[in-house]
Amino acid sequence: MSERAAAPHRAWQHPGLVEFGETIFAEMSALAIATNALNLGQGFPDTDGPIEILDAAQRALRGGLNQYPPLPGTADLRTAIAEHQQRFWGLEFDPVDEIVATAGATEALAASLLAFVRPGDEVIMFEPYYDSYAAGVALAGGVRRVVTLRPPESGDGPFTFDVDELRQAVSLKTRLILLNTPHNPSGKVFTRTELMQIAEVACERDLMVVSDEVYEHLRFDDASHIPIATLPGMASRTITISSAGKTFSCTGWKIGWACGQGDHIKAIRSVKQFLTFVNGSIFQPAVAVGLRLGDDYFDALASDLQGKRDRLLAGLRQVGFDAYTPQGTYFVTADIRSMGSDDGRAFCLALPERAGVVAIPSVVFYDTEAEGRHLVRFAFCKRDELLDQAVDRLAVLAG
Ligand code: PMP
Ligand code: GLN
């Protein structure tokens, strides 16, 4: 637990959420608007997704699909999710009882944690971790245990973890491992060897794995995404989660899903019915269209983003940042010590004023502050002109 836990309880707060304030994404996007800065903080694209899904949503809106969809999601969306899982990853799910559509991956994560974590149960997650994980565990009354992903000591390369630290984090109270690959914010794509190590621990200690794969199509160079559910012994103990937001550039639509074995999905559906019940009647058919687009769409998405990654990386390095090359996602992590600061929070709060750019202080994704204090995250899912403009502005930091 971080020192944030010491904060006093306020009347308007859920008692489980005392250590959490406003999410960093809301805070930094508000700062970007207030200061008219270029927002490379919160991860959302600044262009629309494929025209086919926009047309499909419009048809649904005009076609009378404006009432509650079925609790588990429309049959057609669940079929499209099953087809997509089979086509890209060879995973087989029965759309009838092994898939549930959710209000974004966020609801799939929250409903999974509320379904499987009992008060006092421990959940292992890799830090830096996406902010809703810690809150979801807290809402379920669980306790988080973190295993640190570290950048290389010097030079460029992927973040890695020590498998002994993972083994030591497991106790008799551990219920599940929360995994995210490709990983926000580090840009790491877990390798088969690493996933095998995690799977081995899960099988040995009889743990479930909740695997957040929202960036499944955003991977670069020769990195391949491997759903942990495909590894031996894992299908029956894994909940595989994804969403349309990143794959189809529609983060505001909030259509996500969870796939797993029937009893697990039944448990998630039973929680979900009291969270949102359902959402997105006009977006569900549109996402089904997206999931059935040809391979060319998915290939172009990744190669286009790879170009943006290279553009921002080159710019950041030119300005003087030590930046780690991400293998996936649309985020770059930079070490600001080369810019004369080791306090990412102060650095990001001052950045709009100094350079007219917003970034995210990675320390908010860590329990172990020392591991992330000097790291900041920039999003590159933006038009090339905007990335260039941001780099031009950041040049002021080079002095
Ligand atoms: N998981 C990760 C790792 C994310 O970065 C995000 C942010 N979009 C989410 C989950 C939430 O996804 P959604 O917007 O579909 O709820
Ligand atoms: N997933 C996005 C990010 O990490 C934003 C999510 C949010 O705003 N809650 O930046």
Side-chain angles (χ1 to χ4, degrees), residues 20-33 39-46 49 73 77 81 100-113 125-137 149 159 178-190 210-219 225 227 239-259 268 272 275-276 279-280 283-284 286-287 290-291 305 326 328-333 348 358-366 372 375-382:
F20 306 95
E22 185 181 31
T23 86
I24 192 70
F25 306 116
E27 182 187 345
M28 298 311 280
S29 283
L31 184 65
I33 291 168
N39 191 354
L40 302 191
Q42 189 177 30
F44 60 89
D46 61 352
L77 174 60
I81 293 167
V100 57
T102 54
T106 307
E107 188 191 36
L109 287 157
S112 301
L113 293 167
M125 61 185 79
F126 292 91
E127 69 172 357
Y129 53 75
Y130 182 60
D131 68 344
S132 85
Y133 298 177
V137 170
L149 293 172
F159 284 51
L178 189 40
L179 176 70
N180 171 216
T181 184
H183 180 263
N184 175 11
S186 72
K188 174 184 180 60
V189 178
F190 282 71
V210 172
S211 184
D212 175 351
E213 302 179 9
V214 297
Y215 298 99
E216 59 192 322
H217 289 291
L218 311 189
R219 62 231 146 82
H225 171 64
I239 308 296
T240 305
I241 289 173
S242 192
S243 89
K246 328 290 163 187
T247 302
F248 303 114
S249 301
C250 57
T251 60
W253 286 12
K254 297 297 279 189
I255 300 296
W257 49 89
C259 306
I268 295 170
K272 184 233 167 6
L275 293 178
T276 54
N279 77 301
F283 301 122
Q284 293 196 10
V287 170
L291 290 167
L305 265 173
T329 77
Y330 39 51
F331 304 112
V332 171
T333 294
C348 288
V358 160
I360 299 285
S362 303
V363 70
V364 299
F365 306 125
Y366 286 83
L375 301 176
V376 303
R377 188 195 82 174
F378 293 93
F380 55 81
C381 45
K382 307 291 175 186

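FYI, side chains are in, hydrogens and waters are out, and symmetry mates aren't considered; it's all heavy atoms of this structure. First listed ligand is number 1; within each ligand, the first listed atom is number 1. Predicted model only: the values in this text are computed from it and were never measured.
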Chemist: Among Lys246, Lys254, His183, Glu213, which one has a heavy atom closest to atom 8 (N) of ligand 1?
Modeler: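 Minimum heavy-atom distance to atom 8 (N) of ligand 1 goes to Lys246.
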Chemist: Going by the angle between their ring planes, with limits at 30° and 60°, are Tyr133 and Tyr129 parallel, tilted or perpendicular?
Modeler: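 Plane angle under 30°, so parallel.
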Chemist: Any nitrogen or oxygen of Asn180, side chain or backbone, less than 3.5 Å from one on ligand 1?
Modeler: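 No, Asn180 has no N/O under 3.5 Å of an N/O on ligand 1.
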Chemist: I'd like to check which ligand 2 atoms, numbered from 1 as shown, lie under 4.0 Å from a non-hydrogen atom of Lys246.
Modeler: 1 (N)
Chemist: Please work out whether any backbone atom (N, CA, C, O) or any side-chain heavy atom from C-beta onward of Ala105 is under 4.0 Å from ligand 1, and answer side chain, backbone, both or neither.
Modeler: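 Answer for Ala105: both.
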Chemist: For the pair Asn279 (side chain) and Lys254 (backbone), establish whether a donor and an acceptor sit closer than 3.5 Å, ignoring hydrogens and angles.
Modeler: yes
Chemist: Check Met28 against ligand 2 and report side chain, backbone, both or neither, counting heavy atoms closer than 4.0 Å.
Modeler: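 Neither; nothing of Met28 gets under 4.0 Å from ligand 2.
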Chemist: Find all atoms of ligand 2 within a distance of less than 4.0 Å from any non-hydrogen atom belonging to Asn184, and give their numbers and elements.
Modeler: 3 (C), 4 (O)
Chemist: Tell me whether Lys382 forms a cation-pi arrangement with Phe44, defined as NZ or CZ under 6.0 Å from the six-membered ring centre and within 45 degrees of its axis.
Modeler: yes
Chemist: Between Thr106 and ligand 1, find which residue part has any heavy-atom pair under 4.0 Å and reply side chain, backbone, both or neither.
Modeler: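 For Thr106, backbone and side-chain atoms both sit under 4.0 Å from ligand 1.
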Chemist: Find all atoms of ligand 2 within a distance of less than 4.0 Å from any non-hydrogen atom belonging to Tyr130, and give their numbers and elements.
Modeler: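 Taking each heavy atom of Tyr130 in turn, ligand 2 has 1 (N), 4 (O), 6 (C), 7 (C), 9 (N) under 4.0 Å.
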Chemist: For ligand 1, which is the ligand I care about here, please tell me if Gly104 has any N or O atom under 3.5 Å from one of the ligand's N or O atoms.
Modeler: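 By distance alone, the answer is no.
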Chemist: Yes or no: does Phe331 have any heavy atom under 4.0 Å from an atom of ligand 2?
Modeler: yes
Chemist: For Gln42, take its heavy atoms, then give the atoms of ligand 2 lying under 4.0 Å from any of them.
Modeler: 5 (C), 7 (C), 8 (O), 10 (O)
Chemist: Anything under 30° is parallel, anything over 60° is perpendicular, the rest tilted; go ahead and classify Trp253 against Phe283.
Modeler: parallel
Chemist: Determine yes or no for a side-chain-to-main-chain donor-acceptor pair under 3.5 angstrom, with Thr333 supplying the side chain and Pro185 the backbone.
Modeler: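 Pair found, side chain donor or acceptor close to backbone of Pro185.
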Chemist: In the protein, what heavy atom is nearest to atom 7 (C) of ligand 2, and what distance, to one decimal place, separates them?
Modeler: Phe25 CD1, 3.5 Å
Chemist: Please identify which atoms of ligand 2 are closer than 4.0 Å to at least one heavy atom of Gly43.
Modeler: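 Going through ligand 2 atom by atom, the ones under 4.0 Å from Gly43 are 2 (C), 3 (C), 10 (O).
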Chemist: Between Thr102 and Gly256 (side chain of the first, backbone of the second, donor and acceptor by atom type, cut-off under 3.5 Å), is there such a pair?
Modeler: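 Yes: the side chain of Thr102 pairs with the backbone of Gly256.
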Chemist: Is there at least one pair of N or O atoms, one from Thr251 and one from ligand 1, spaced under 3.5 Å apart?
Modeler: no
